[in-house]
Amino acid sequence: MTVRTRFAPSPTGYMHIGGMRTALFNWLWARRNGGQFILRIDDTDQQRNMDEALGPILDAFRWLGLDWDEGPEVGGDYGPYFQSQRRDLHDAALDQLLASGAAYRDFEPANQTRVQREAAEKEKRVYLSSRVSLDLSEADVTAKLAAGEAHVVRFLIPRGRTVSVKDHVRGHVEWDCGLMVDPVIARGDGSPLYNFATVVDDGQLQITHVIRAEEHLSNTPIQVLIHEALGNDLPEFAHIPFVAAPGGKKKLSKRDIDKYRKSPAFQKLFQLGDDVLGALGIDPAEHSLSPVMVAYYREVGFLPAGVLNALARLGWSLDDETENMSLQTVLENFSLERVVKASAGLDPDKLMSYQSYWMGQLSADEKLLGCLDILVRADLIPENPDADTLALVTRVVELAADRIRVFGDILQMDEFFVSTETLKYSEKDFQKRVVKPEQAVDLLRELRQLLAATEDFTAEAMHKVVEGFVEQKEIKFGQIAPALRLAVTGKAKGADLFPTLELLGRDECLRRIDRAIGTAESMKVV
RNA sequence: GGCCCCAUCGUCUAGUUAGGCCUAGGACACUGGAUUUUCAUUCCAGUAACGGGGGUUCAAAUCCCCCUGGGGUCACCA
């Protein structure tokens, strides 16, 4: 039997990072077993703007390189792959259940059902469906139907038995049917509800393995029962742990994003995101971009390999030591048996560490391409850079070396792409390094003359000039270098100083030093 | 609250199925040191865990029971 797995997202306009992990495990299991991975879109009735709602989800799959064998855009033999277009299948299944007596029309008013439920809760009694509608004769039902009476269709839970499942990660799990409420499987108009539609669809799509997050565990007995009533082959289940928020045990949720912002564990990632997105002119709030969704990582300049590596290691491990794994390596070694049972918190630090590793594995050209792209998006270089710009970026990327963990980090080196006039100084550092130290401005002025007079403006030569200057003035290197760096780059830290000078070129350096001196003096006067 | 799930360093995990090789391993983070006249990298070192209590056994992180704690879920949402 061919393994068939599926991921069935609702078109919500974004791809949740936890959902992506579930999708990844499904993809892995299908690919590992030479089976098919299916994308089914669990849209409800008429969702508007399907492109807007589904696009980001498909984009996330494409970005990470997870392909699907059947689903939107590619079709397949079991279509349609949009739940809303499968209504005839749901209708047929519903008729079957109604005819066999496995389901019944419940005419009990909703508020009455609610009152009973609340009363039971208050009395600490197990609530069970009243099933009063079961006493109705066929003629009664027909009459009520003809009269258009409001009702729902419930699945008749066979009480007095248990449902058990051998879950691939949880092992044996069992439920007592005597404790279960008859679930509503369709509204009066026949429109199916999740638990029912999913079963019909999984059955018809011949899904062999339902791999989903553990929050669905409680839906399982109902779905198993419906599968049985429909005469379907039961799929195997694997309830993987959900992805928890950093520093906690609770499910990572888009709703808690404001809380995460204040979380220490999330701090650095948010900072990075704010910096990069800010430079790109994207307001995270406006685009509701956050670390909860896959798109965030793409925008900030993460690598698919980094995100994939982190996702794979969330609740799964290869052995006792292997951490850095390509998708291929994970694929070759993946097994559901090695999925951990406890929920796993997303660790931004660890994610960043995987990311840095994979960035380090990139060839110079690949790295250049990624940086070029984000520099263009930040408007720091033109869309189709000329040869000079290309050469400059190449050298900046070289100079930045492993300071680039995500492509967005190249934006930290913006001093190479702005003019002297638009260069921004870090105000605090400028005060500390240039304005405040007594001799800083004077030293800078003297050094400027030396730099201006130097014949070849290379890193090596500059180094010698400054060394000589330090010796001659009987000062420490630390008394001039920080001020020089500030004047030229606007920042307190950055790549190696002398190559930076060389790359900027003599004219630019001198202009910047002049500007810094002027600025510092005007500050001192005031 | 009912039902269900879970429980090893701060975090992700190895070890649990077949008890001994566990004086509990790795990674991230953190701390210290070396290199780098900033920062980052790299290297070395260090701190740090079997939730508690009972059993079973020559032997328990591993098996059993209880407790505690954490979490999921309880819709005419998906």
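Sequence lines set the chain letters: A, B, ... in the order given, protein chains first and strands last, and positions in each chain run from 1.
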Please tell me which of the listed nucleotides, [options], lies nearest to the side chain of [X]?
X: A:Asp320; options: B:G15, B:A29, B:G25; answer: B:G25
X: A:Asp349; options: B:A29, B:U37, B:G72; answer: B:A29
X: A:Trp175; options: B:C76, B:C3, B:U38; answer: B:C3
X: A:Lys341; options: B:C6, B:A78, B:U37; answer: B:C6
X: A:Arg338; options: B:U37, B:A14, B:G72; answer: B:A14

Test for a donor-acceptor pair under 3.5 Å between the base of B:C39 and the side chain of A:Arg403, counting only N and O atoms.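 When only heavy-atom distances are counted, A:Arg403 does reach the base of B:C39 through a donor-acceptor pair under 3.5 Å.
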
Under the 3.5 Å rule, do the base of B:A40 and the side chain of A:Lys493 count as making a donor-acceptor pair?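 Not at all, since no donor on one side and acceptor on the other fall under 3.5 Å apart.
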
Taking only side-chain nitrogens and oxygens of A:Arg125, does any of them come within less than 4.0 Å of OP1 or OP2 of B:G1?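 A:Arg125 to B:G1 OP1/OP2: no side-chain N or O under 4.0 Å.
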
Expressed in angstrom and rounded to an integer, what is the separation of [X] atom [atom1] from [N] atom [atom2]?
X: A:Arg117; N: B:C76; atom1: CZ; atom2: C1'; value: 11 Å
X: A:Glu323; N: B:A14; atom1: CD; atom2: P; value: 11 Å
X: A:Glu149; N: B:C76; atom1: CD; atom2: P; value: 18 Å
X: A:Asn219; N: B:C4; atom1: CG; atom2: C1'; value: 12 Å
X: A:Arg313; N: B:C12; atom1: CZ; atom2: C1'; value: 6 Å
X: A:Leu217; N: B:C6; atom1: CG; atom2: P; value: 8 Å

If you draw the axis of the six-membered ring of A:Phe25, does the NZ or CZ of A:Arg21 fall within 45° of it and under 6.0 Å from the ring centre?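 A:Arg21 over A:Phe25 ring: yes.
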
Mind checking whether A:Phe270 and A:Phe266 have parallel, tilted or perpendicular rings, split at 30° and 60°?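 Taking A:Phe266 first and then A:Phe270, their aromatic rings stand perpendicular (interplane angle over 60°).
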
Below 4.5 Å, heavy atoms only, C-beta onward: do A:Thr198 and A:Asn219 meet side chain to side chain?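 Heavy-atom side-chain distance check fails, nothing below 4.5 Å.
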
Just so I know, are the side chains of A:Asp106 and A:Asp182 near enough to count as touching, which here means a heavy-atom distance under 4.5 Å?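 No, every pair of side-chain atoms sits at 4.5 Å or beyond.
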
